[in-house]
**Student:** 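Following this message is one structure expressed as structure tokens.
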Number of protein chains: 2
Amino acid sequence: MQTIEQLLELKNIRVTAMRLLIYKFLVNKQVAVTLSDIENAFEKADRTTLYRTIKTFEEKDIVHQIDDGTGITKYALCEQGCSCDINKDLHLHFHCNNCNETICLTDHKIPKIKVPDGFVSENVNLVVKGICDKCSR
Amino acid sequence: MQTIEQLLELKNIRVTAMRLLIYKFLVNKQVAVTLSDIENAFEKADRTTLYRTIKTFEEKDIVHQIDDGTGITKYALCEQGCSCDINKDLHLHFHCNNCNETICLTDHKIPKIKVPDGFVSENVNLVVKGICDKCSR
DNA sequence: TAACAAATGCACTTCCATTGCACTTACTAT
DNA sequence: ATAGTAAGTGCAATGGAAGTGCATTTGTTA
Ligand SMILES: [Mn+2]
Ligand SMILES: [Mn+2]
Ligand SMILES: [Zn+2]
Ligand SMILES: [Zn+2]
């Protein structure tokens, strides 16, 4: 078990107050968040800083982007020891049409998809839409 | 084999010059198009008209939307006799990381995706990214 | 051909994403 | 410790895509 400080150092980015705060915010979230979610949580911080922080996290494979089809990019922490850097986005994402939340189904891996001859598959984005467990009962 | 006029009448929308032109433009395209692709093809027409035309086509299941993760919505003609209206988007889409084009793999159907207990799957968006056949050879 | 409904064009708006530049903070080498 | 440098932050502005209100034009139907 490593501290957040150790993680950031490992990824070769500086430990700053904002980064620690944003990281902690993400850890506590069970769902993928938008930039404005973060913005609302940190009203005193500047949008740009939040934006660039999340972009840095993304580059360093601390978070991954999720395009759930709502048109707004969402982000979620990568799992400890995930291989985001090698094969992008292995797991599938679920978007609830009722509560509008998107969650990582980290242990539901994306099946191998066949593509026609001549096509080379590099990675796959799979979003299932429907009703989440909270909303279905 | 039906004419475009007959198709539009079948869908209960009026036959207009713009609609015929846009439909013909889409037929000739092998790849999914953005609104600005259409805009560039019809510089004399107003953006709003093109926008509302494609929206009408979408409502009437003449075209379907494709979210390929680029952040820009793309559209492609539905196949003759497709069942877009019943089960949305059965086939998968391929987005080329090289030429940036997106194509329908109409005869590659999306496999059944398992979701955890409590989750209800209503539809699925699956985009494979990689290198297309034109770019790989 | 008159009357009505639908389609089009123009202007404007909103929302998210992104950038340039000045200023501040953190690290490093003396 | 301190100065110098690189990275991080805040503010202001921009750009692009999507969407809407309203006046005008076009198509349909009685
Ligand atoms: Mn995820
Ligand atoms: Mn398609
Ligand atoms: Zn829900
Ligand atoms: Zn290509």
Side-chain angles (χ1 to χ4, degrees), chain A residues 3-25 32-60 62-76 95 100 102, chain B residues 3-25 32-60 62-76 95 100 102:
Chain A
T3 63
I4 307 173
E5 283 87 346
Q6 287 171 333
L7 173 71
L8 297 180
E9 277 161 15
L10 194 74
K11 299 284 187 177
N12 286 311
I13 58 172
R14 289 189 182 168
V15 178
T16 69
M18 273 317 313
R19 287 176 181 168
L20 292 173
L21 285 170
I22 295 177
Y23 192 96
K24 282 173 195 158
F25 173 75
V33 299
T34 64
L35 205 57
S36 42
D37 289 336
I38 303 178
E39 225 179 302
N40 294 333
F42 300 95
E43 303 210 330
K44 280 186 286 190
D46 187 77
R47 259 172 38 81
T48 316
T49 305
L50 304 173
Y51 172 73
R52 289 200 262 234
T53 300
I54 207 82
K55 284 291 161 195
T56 304
F57 281 5
E58 199 190 342
E59 266 171 33
K60 300 293 181 176
I62 295 169
V63 302
H64 60 278
Q65 241 194 19
I66 303 163
D67 174 16
D68 62 9
T70 56
I72 303 159
T73 314
K74 296 184 180 174
Y75 301 90
H95 178 253
N100 209 35
T102 298
Chain B
T3 62
I4 307 175
E5 283 88 345
Q6 287 169 333
L7 172 71
L8 296 181
E9 276 161 15
L10 195 73
K11 299 284 187 176
N12 285 312
I13 57 172
R14 288 186 183 171
V15 179
T16 69
M18 273 317 313
R19 286 177 181 167
L20 291 173
L21 284 171
I22 294 177
Y23 191 95
K24 281 173 196 157
F25 173 75
V33 299
T34 65
L35 207 56
S36 41
D37 289 335
I38 304 178
E39 225 179 303
N40 293 334
F42 299 95
E43 303 210 329
K44 281 187 287 191
D46 187 77
R47 251 178 35 80
T48 315
T49 305
L50 304 173
Y51 172 74
R52 289 200 260 236
T53 301
I54 207 84
K55 285 291 160 194
T56 304
F57 280 5
E58 199 189 343
E59 267 171 34
K60 300 292 180 177
I62 294 169
V63 302
H64 60 279
Q65 241 194 18
I66 303 163
D67 174 15
D68 62 9
T70 56
I72 303 160
T73 314
K74 296 184 180 173
Y75 302 89
H95 178 253
N100 207 34
T102 299

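Residue numbers begin at 1 in each chain, while the letters A, B, ... track the order of the sequences. These numbers were taken from a predicted model, which means no experiment stands behind them.
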**Student:** Taking OP1 and OP2 of D:dG10, is either one under 4.0 Å from a side-chain nitrogen or oxygen of A:T49?
**Tutor:**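 A:T49 to D:dG10 OP1/OP2: side-chain N or O found under 4.0 Å.
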
**Student:** In whole angstroms, how far is the P atom of C:dA7 from the CE atom of B:M18?
**Tutor:**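 Distance, rounded to whole Å: 13 Å.
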
**Student:** Is the phosphate of C:dT8, meaning OP1 or OP2, less than 4.0 Å from a side-chain N or O of B:T16?
**Tutor:**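 The answer is yes; a side-chain N or O of B:T16 sits under 4.0 Å from OP1 or OP2.
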
**Student:** Under a 3.5 Å distance rule, please check whether A:S36 uses its side chain to pair with a backbone N or O of A:E39 as donor and acceptor.
**Tutor:**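 Such a contact is absent between A:S36 side chain and A:E39 backbone.
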
**Student:** Can you check whether A:T16 reaches A:L8 side chain to side chain, under 4.5 Å on heavy atoms?
**Tutor:**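 They are not in contact (no side-chain heavy atoms under 4.5 Å apart), so the answer is no.
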
**Student:** For the pair made of CD1 in B:I13 and P in C:dT8, what is the distance, rounded to whole Å?
**Tutor:**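 My rounded result for the distance is 9 Å.
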
**Student:** Write down the distance between CD1 (B:I54) and P (D:dA17), rounded to a whole number of angstrom.
**Tutor:**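 Spelled out: CD1 on B:I54 to P on D:dA17 is 15 Å.
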
**Student:** Check every strand shown and say whether B:T53 touches a base, only sugar-phosphate, or nothing at a heavy-atom separation below 4.0 Å.
**Tutor:**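 B:T53: backbone/sugar contact only, no base atoms under 4.0 Å.
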
**Student:** With ring centroids as reference points, do A:F42 and A:F25 lie under 6.0 angstrom apart?
**Tutor:**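 Yes, the ring centres sit under 6.0 Å apart.
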
**Student:** Please pick, from C:dA17, D:dG19, C:dA5, the nucleotide with the shortest atom-to-atom distance to any side-chain atom of B:R47.
**Tutor:**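 For B:R47, the side-chain atoms sit closest to D:dG19.
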
**Student:** In whole angstroms, how far is the P atom of D:dA7 from the CZ atom of A:F57?
**Tutor:**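 Answer to the nearest Å: 17 Å.
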
**Student:** Backbone N or O of B:A32 within a donor-acceptor pair of the B:K74 side chain at under 3.5 Å?
**Tutor:**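 No; judged by distance alone, with no hydrogens or angles, the pair does not exist.
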
**Student:** Do the side-chain N or O atoms of A:T73 get closer than 4.0 angstrom to the phosphate oxygens (OP1, OP2) of C:dC16?
**Tutor:**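 No, because none of the side-chain N or O atoms of A:T73 sits under 4.0 Å from OP1 or OP2 of C:dC16.
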
**Student:** Record whether the side chain of B:R52 comes under 3.5 Å of the base of D:dG21 through a donor-acceptor pair of N or O atoms.
**Tutor:**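 Under the 3.5 Å cut-off, the side chain and the base do form a donor-acceptor pair.
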
**Student:** May I ask you to test the B:K55-B:Q65 pair for a side-chain heavy-atom distance under 4.5 Å?
**Tutor:**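 Answer yes - side chains close enough.
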
**Student:** Rounded off to whole Å, could you give me the CG-to-P distance for the B:D67 and D:dA17 pair?
**Tutor:**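 These atoms are roughly 15 Å apart.
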
**Student:** Base of C:dC15, side chain of A:S36 - is there a donor-acceptor contact under 3.5 Å?
**Tutor:**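 Check fails, no donor-acceptor contact within cut-off.
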
**Student:** Take atom CG of B:L20 and atom C1' of C:dT8, then tell me their distance rounded to the nearest Å.
**Tutor:**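 So the two atoms are 15 Å apart, to the nearest Å.
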
**Student:** Answer yes or no: does a side-chain N or O of A:K44 lie under 4.0 Å from OP1 or OP2 of D:dG10?
**Tutor:**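 Answer no for this pair, as no side-chain N or O of A:K44 is under 4.0 Å from OP1 or OP2.
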
**Student:** So, OP1 or OP2 of C:dT18: does either fall under 4.0 Å of a side-chain N or O from A:Y51?
**Tutor:**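 The answer is yes; a side-chain N or O of A:Y51 sits under 4.0 Å from OP1 or OP2.
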
**Student:** Please pick, from C:dC16, D:dA12, C:dC27, the nucleotide with the shortest atom-to-atom distance to any side-chain atom of A:T48.
**Tutor:**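 Out of C:dC16, D:dA12, C:dC27, the nucleotide with an atom closest to A:T48's side chain is D:dA12.
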
**Student:** Between atom CG in A:L8 and atom P in C:dT25, what is the gap in whole Å?
**Tutor:**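 From A:L8 CG to C:dT25 P: 20 Å.
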
**Student:** I need the CG-P distance between A:L50 and D:dC11, as an integer number of Å.
**Tutor:**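 It is 12 Å, rounded to the nearest whole Å.
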
**Student:** Does B:R19 have a side-chain nitrogen or oxygen under 4.0 Å from the phosphate oxygens OP1 or OP2 of C:dA7?
**Tutor:**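 Indeed, a polar side-chain atom of B:R19 lies that close.
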
**Student:** For DNA chain C, whose closest nucleotide is more 5', that of A:A17 or that of A:G71?
**Tutor:**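 By nearest-heavy-atom nucleotide position, the 5'-most residue is A:G71.
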
